[in-house]
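Data first, discussion second: the structure below is written as structure tokens.
These figures come from a predicted structure and were not determined experimentally.
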Amino acid sequence: MISETVIIGGGVIGLAIAIELKLRGTNVTVLCRDFQAAATHAAAGMLAPDAENIPNEAMRSLCWRSRALYPDWTRKLEELTGLNTGYRACGILAPVFEEAGGQRGRGAEEQRSRRESLSSSSSSSPAYWLNKEAIHQYQPGLGAEVVGGWWYPEDAQVDNQALAHVLRTAAESVGVELKDGIIVEAFLQQQGQVVGVQTNAGRIRAAHYVLASGAWSNELLPLPVLPRKGQMLSVRIPEVSPELPLKRVLFGQDIYIVPRRDRLVIGATSEDVGFIPNNTPEGIQKLLQAAIRLYPQLKHYPIQEFWWGFRPTTPDELPILGTSYCQNLTFATGHYRNGILLAPVTAALIADLILEQKSDPLLADFHYSRFQSKSSTSTPMLTHSANFSNGHHSAISPLPTQDSPLIIAGKTFQSRLMTGTGKYRSIEEMVQSVAASDCQIVTVAVRRVQTKAPGHEGLAEALDWTKIWMLPNTAGCQTAEEAIRVARLGREMAKLLGQEDNNFVKLEVIPDLKYLLPDPIGTLQAAEQLVKEGFAVLPYINADPMLAKRLEEVGCATVMPLASPIGSGQGLKTTANIQIIIENAGVPVVVDAGIGSPSEAAQAMELGADALLINSAIALSPKPATMARAMNLAAVAGRLAYLAGRMPIKDYASPSSPLTGTITS
């Protein structure tokens with residue numbers, strides 16, 4: 001059974017959304033790559049929007065709303081499972097230290113002023129200042145440098161580890177399908193829709209998709225979500241201790257201490273180190289020093305456990321929630337340090353959006369498009385492009401135009417220009433041209449590499465195959481049988497170059513040695529067999545709409561109609577048929593063969609082609625590298641023009657300046 005909704009991400013956010021959708025009558029599947037590395041574990045379960053003094057008004061409102069949902073939400077989960085989430089409406093204490101140099105109370109006054117300025121905008125969440133005498137009386141054992149602090153009575157806590165267990169148990173009990181160890185490799189997209197996700201366990205389809213994969217979101221889509229590692233530890237509270245045990249959650253400067261039944265949870269670092277795992281002596285030392293300064297007696301407690309996790313953070317440290325550039329894909333990621341707190345409100349808002357098309361006004365403040373108008377944080381969803389000046393490349397300024405990446409057989413590419421390796425005057429020119437084109441796919445004639453044909457000696461060693469995806473082609477094959485045999489050799493050649501998972505093949509069956517036109521019958525026969533053998537087949541064909549549809553139906557990954565005979569440089573001679581192919585295709589359409597100039601490349605992309613494959617026009621130019629750059633820019637310009645849409649063609653003139661308000665004598 002195909003689920004109505006697939007959720008990518010099995011942390012607290014993904015599970016909360018899954019349960020909410022399932023309880024509203026939707027079949028849900030959750031795909032989780034590594035439950036133990038989720039941000040859920042890099043937390044202590046504080047529900048502390050007041051103690052954190054969140055400055056952003058929209059974020060503050062979102063957090064307050066979620067905190068208000070927590071009592072009923074956790075009660076519902078506990079009733080479903082019979083398990084305890086550890087939710088406690090305990091309030092949070094935020095001690096303030098004496099400033100360095102003995103300027104007593106200065107830091108306290110600054111925090112007091114800040115808190116009062118935030119509180120002035122709303123009286124819904126009170127805070128109370130405690131002077132030194134009051135705070136030490138209220139919580140004995142605080143460090144001598146504590147000169148006062150804030151009491152936030154409406155903040156609370158939940159046991160994050162218990163909550164994670166309860167959520168998984170609840171999801172199973174209501175019938176959510178949980179799939180662990182599933183790595184989503186790509187979204188498969190066609191015409192503004194997600195048509196499936198490619199995973200390490202095969203292709204998975206649904207009617208709707210939710211991206212809730214936290215710190216890993218950026219690996220799937222160009223969203224500005226990056227991992228921020230958090231290290232934590234716990235110390236065991238001795239059974240016999242002369243001091244009174246800590247009863248309050250302490251939220252200090254760069255440290256927090258959360259008391260649990262028999263331990264104190266201490267956290268957390270915030271490290272921009274990518275996905276580097278494990279605890280470090282430096283990280284743990286910083287936590288212990290800060291914790292002992294805040295609550296000195298814990299230096300005598302035995303250390304119980306260390307752990308870490310990866311929080312998903314965005315440039316403004318606010319989550320990305322709501323609709324995406326695909327109609328059936330919803331974002332729920334980037335919660336940074338507030339994932340536990342925001343789980344119930346995120347689940348409710350996303351379920352309303354998916355099932356009722358009801359978009360809460362608050363979601364507008366967390367839409368992904370906020371990053372697209374800021375050059376410092378924008379992530380352009382466009383074809384990869386660059387300027388070319390004095391031989392140096394520099395990134396073009398990001399544009400607000402939205403575009404999805406090119407996806408072929410589940411693999412994502414930013415560049416929409418593919419190039420070849422044949423006809424160059426030297427290996428050096430070929431390498432320079434490939435680099436100048438910024439292409440990510442390079443097609444290689446298997447037979448010519450195997451036989452070390454002129455111009456192909458050392459080709460395999462010349463390019464960096466860790467950065468370029470090899471597209472083996474069956475050039476020179478005149479029958480289906482030959483093409484199938486060479487395709488198998490090409491797959492082995494890709495493996496030898498380190499691309500173990502490369503199953504791509506550009507299928508060419510060309511018995512016509514004068515015009516080099518592909519054999520439609522032989523191409524279809526070879527494609528059917530290669531698809532059965534697990535190849536991602538990219539067939540080179542005449543611009544025949546019926547053949548293109550048949551090849552798509554047998555499972556080809558793309559169709560590659562020629563613009564004009566290969567190597568002829570005649571340009572677009574099959575425009576009408578290519579337009580029909582593009583209109584009817586459910587797979588990417590790559591215009592291949594015959595493009596002779598950048599203007600023709602741009603024109604092909606303006607038709608709506610997904611990509612171009614250009615070799616001869618680059619290799620046979622007097623300056624191949626410069627032409628490669630020109631073709632790259634042409635592909636970008638054509639794609640942008642297609643996305644923008646051209647103006648209507650008229651039979652009469654229309655002035656670009658208004659005729660009203662002109663000066664008359």
Side-chain angles (χ1 to χ4, degrees), residues 11-13 15-17 19-20 38-78 83-95 115 118-119 122 124-128 149-167 170 214 230 232 246-252 255-261 264-268 270 309 311-312 317-319 321 332 334-349 362 366:
V12 64
I13 296 295
L15 291 172
I17 295 170
I19 293 167
E20 185 68 23
T40 308
H41 303 283
M46 288 186 301
L47 312 175
D50 293 336
E52 285 199 41
N53 283 336
I54 294 171
N56 182 279
E57 185 176 351
M59 182 65 168
R60 201 161 62 245
S61 297
L62 188 71
C63 291
W64 280 342
R65 190 189 300 187
S66 199
R67 187 183 62 188
L69 293 174
Y70 242 91
D72 290 340
W73 185 64
T74 51
R75 187 182 309 115
K76 177 176 67 177
L77 293 173
E78 290 171 351
L83 301 172
N84 193 335
T85 61
Y87 171 75
R88 290 175 55 202
C90 58
I92 288 180
L93 189 62
R115 174 65 227 188
L118 290 174
S119 296
S122 173
S124 64
S125 198
Y128 301 99
W150 287 98
W151 168 241
Y152 301 105
E154 295 189 10
D155 280 349
Q157 69 159 302
V158 66
D159 186 328
N160 60 298
Q161 300 283 1
L163 178 64
H165 178 60
V166 170
L167 282 168
M232 301 185 67
L246 181 67
K247 295 294 186 184
R248 324 284 177 199
V249 176
L250 301 182
F251 190 97
I255 193 71
Y256 52 75
I257 306 173
V258 180
R260 296 275 162 76
R261 184 175 56 85
L264 301 180
V265 176
I266 300 169
S270 182
R311 299 186 182 108
E317 298 186 354
L318 304 181
L321 304 173
H335 290 74
Y336 190 33
R337 62 172 74 248
N338 288 299
I340 300 287
L341 169 60
L342 292 175
V345 75
T346 299
L349 292 176
L362 203 54
F366 304 102

Inset, instruction - Would you mind telling me which of W150, F251, W151 makes a side chain to side chain contact (heavy atoms under 4.5 Å, CB included) with L93? - result: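 The residue from W150, F251, W151 that satisfies side chain to side chain contact (heavy atoms under 4.5 Å, CB included) with L93 turns out to be W151.
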Inset, instruction - Quickly, which of L47, V12, T346 forms a side chain to side chain contact (heavy atoms under 4.5 Å, CB included) with L341? Name it, please. - result: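 Result for side chain to side chain contact (heavy atoms under 4.5 Å, CB included) with L341: L47.
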Inset, instruction - Quick one: list whatever passes side chain to side chain contact (heavy atoms under 4.5 Å, CB included) with A58, sequence neighbours left out. - result: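 N56, L362, D365, F366.
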Legend entry - Residues in side chain to side chain contact (heavy atoms under 4.5 Å, CB included) contact with A347, at least two apart in sequence or another chain: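 Only A16, I17, E20 meet the side chain to side chain contact (heavy atoms under 4.5 Å, CB included) criterion with A347.
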Can a donor-acceptor pair be found, under 3.5 Å and without considering hydrogens, that links the side chain of [X] to the backbone of [Y]?
X    : Y    : result
D155 : A51  : yes
R88  : Q157 : no
R67  : A48  : no

Legend entry - Least distance between heavy atoms, C63 atom then I54 atom: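 Closest heavy-atom pair between C63 and I54: SG-CD1, 3.7 Å.
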Legend entry - Closest non-hydrogen atom pair, R260 against V158: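 For R260 and V158, the tightest heavy-atom pair comes out as NH2-O, 3.3 Å.
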Inset, instruction - Check the pair D50 / W64 against side-chain contact (heavy atoms from CB on, under 4.5 Å), numbers first and verdict last. - result: CA-CA 9 Å; D50 293 336; W64 280 342; 2.8 Å; yes
Inset, instruction - Could you walk me through whether R65 and L349 pass the side-chain contact (heavy atoms from CB on, under 4.5 Å) test, one step at a time? - result: CA-CA 11 Å; R65 190 189 300 187; L349 292 176; 3.9 Å; yes
How long is the gap from [atom1] on [X] to [atom2] on [Y], to the nearest 0.5 Å?
X    : Y   : atom1 : atom2 : answer
E52  : M46 : CD    : CE    : 6.5 Å
L342 : L62 : CG    : CG    : 5.0 Å
D72  : L77 : CG    : CG    : 11.0 Å

Inset, instruction - Might you confirm whether atom NZ of K76 has over 12 heavy atoms from other residues, nucleotides or ligands at distances under 6.0 Å? - result: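 Yes.
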Inset, instruction - Using the side-chain hydrogen bond (donor to acceptor under 3.5 Å, both in side chains) rule, take Y70 and T85 through it: C-alpha gap first, then chi angles, then the decisive distance, then the call. - result: CA-CA 11 Å; Y70 242 91; T85 61; over 6 Å; no
